[in-house]
Amino acid sequence: MNPSEAPENALSAASPGDTRSASDAVFYGVVNGLEAQRFAPGQRLVEVDLAQQFGVGRNSVREALQRLAADGIVNTFRHRGVAIKSLSARQTLDVLDVAERMTGLLARSAARGIQAGKASQPIGVALDQLRAAEDEGDSEAFGRARRNFYRALLEASGSLELKRLFPSIQMPIVYAQHRFAALQKLRLRDYAAMGRSVMDADEEAADAAGMNHVRNVRAEILRKIGAEPAGDAPD
């Protein structure tokens, strides 16, 4: 995957193909690398290694790490450097609680946008990409298509507040920590339901589909870990 490709938690950033800065390459590369398993929750990030990996200067790496910290992707520790955030079970469920409400709101807002005349084609294209990636068993292509899907919903919504707030949800960390085949199949099914409702401009159905998607993700994760929420992990 091209390290300059925008990840889901930067959906409101410039469109693919725009010229990106050196810090963008690191920022996007780390988040995309989480999905591609090139980086992992809890992994320490070393400035000199990132500079070499992405072919950028140390100042650009520092800027990217500051942005990653602001988005909650990494933690900064005094005297211990920077590490990708790892979520406890309790923190994971807290993220999903926020994601449930926000995803329903996004889907509802996108359906309202379609009703007002916004183009639905990008949503359909993204759904086709998701299906193709699943058929080919290509997890990186699935991740790209998922980001395109949410980007298309944000564009249909036209809400500046959703574009500002939705990317801050820490779902990249959740998906990086919970990798199992049933979850990807569940996501594809739920995205199709969301997409259909949005393209039909059905606000109520879209809202329900968005919230149900996150509820389904939560249920699958709880089945997998088979435990009650643990206490918060230390910062």
Side-chain angles (χ1 to χ4, degrees), residues 1-11 13 24-46 49-50 53-54 61 64-77 81-100 102-103 130 133-134 137-151 166-188 190-191 213-227 229-230 232-235:
M1 184 187 300
N2 187 331
S4 67
E5 185 183 339
E8 182 175 333
N9 80 325
L11 289 172
D24 287 336
V26 180
F27 176 86
Y28 296 142
V30 169
V31 181
N32 290 334
L34 277 170
E35 182 149 20
Q37 302 184 53
R38 291 191 292 270
F39 295 97
Q43 179 179 342
R44 184 168 175 260
L45 299 179
V46 181
D49 293 342
L50 292 174
Q53 179 176 350
F54 293 103
V61 171
L65 291 176
Q66 290 172 356
R67 294 166 60 190
L68 288 164
D71 277 5
I73 302 300
V74 303
N75 284 328
T76 302
F77 303 96
V82 176
I84 296 174
K85 180 173 286 188
S86 181
L87 299 173
S88 68
R90 176 71 265 168
Q91 290 170 324
T92 297
L93 296 182
D94 288 344
V95 169
L96 291 170
D97 283 345
V98 174
E100 178 182 328
M102 292 289 286
T103 305
L130 284 162
E134 173 65 15
D138 189 335
S139 60
E140 289 199 27
F142 189 90
R144 290 194 297 271
R146 177 172 54 81
R147 291 188 289 276
N148 287 339
F149 176 67
Y150 279 109
R151 189 178 294 114
F166 190 81
S168 66
I169 303 171
Q170 295 178 340
M171 290 303 288
I173 300 294
V174 171
Y175 287 133
Q177 287 189 207
H178 302 280
R179 301 179 182 277
F180 38 95
L183 188 56
Q184 180 163 306
K185 293 182 182 299
L186 177 155
R187 289 154 74 189
L188 177 61
D190 288 354
Y191 295 152
H213 164 56
V214 182
R215 289 170 183 161
N216 291 337
V217 170
R218 180 191 293 109
E220 193 63 40
I221 288 174
L222 286 174
R223 276 195 292 272
K224 183 69 173 180
I225 64 177
D232 286 347
D235 291 334

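Along the sequence shown, residues carry numbers from 1. Every heavy atom of this structure was used, including side-chain atoms; hydrogens, water molecules and symmetry mates were not. In this text, all values refer to a predicted model and were calculated from it rather than measured experimentally.
In this structure, Ile84 and Phe39 approach most closely via the heavy-atom pair CD1-CB, 3.5 Å. Nearest heavy atoms, His178 versus Leu183: O-CD2, 3.5 Å. The minimum heavy-atom distance between Ser86 and Gly42, with the atom names listed, is CB-N, 4.0 Å. In plain terms, the two heavy atoms of Tyr191 and Phe149 that are nearest each other are O-CZ, 3.6 Å. When every heavy atom of Phe54 is checked against every heavy atom of Val30, the shortest pair comes out as CZ-N, 4.3 Å. Here the shortest heavy-atom pairing between Met171 and Ala99 reads SD-CB, 3.9 Å.
With a 4.5 Å cut-off on side-chain heavy atoms, Ile221 and Leu96 count as touching. Residues Arg67 and Asp24 are in side-chain contact: their nearest non-hydrogen atoms beyond the backbone lie under 4.5 Å apart. Side chains of Asn216 and His213 form no contact here, defined as non-hydrogen atoms less than 4.5 Å apart. At a threshold of 4.5 Å between non-hydrogen side-chain atoms, the residues Met102 and Val214 do not count as touching. Side-chain contact between Tyr175 and Val217: present, with at least one pair of heavy atoms (C-beta onward) separated by less than 4.5 Å.
Checked by atom type and distance alone, the side chain of Gln177 never pairs as donor or acceptor with a backbone atom of Pro41 at under 3.5 Å. Under a 3.5 Å cut-off, the side chain of Glu220 and the backbone N or O of Leu186 do not form any donor-acceptor pair.
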Run the numbers on Asp94 and Arg90 for salt bridge (Lys or Arg N to Asp or Glu O under 4.0 Å), then give the verdict.
CA-CA 6 Å; Asp94 288 344; Arg90 176 71 265 168; 3.2 Å; yes
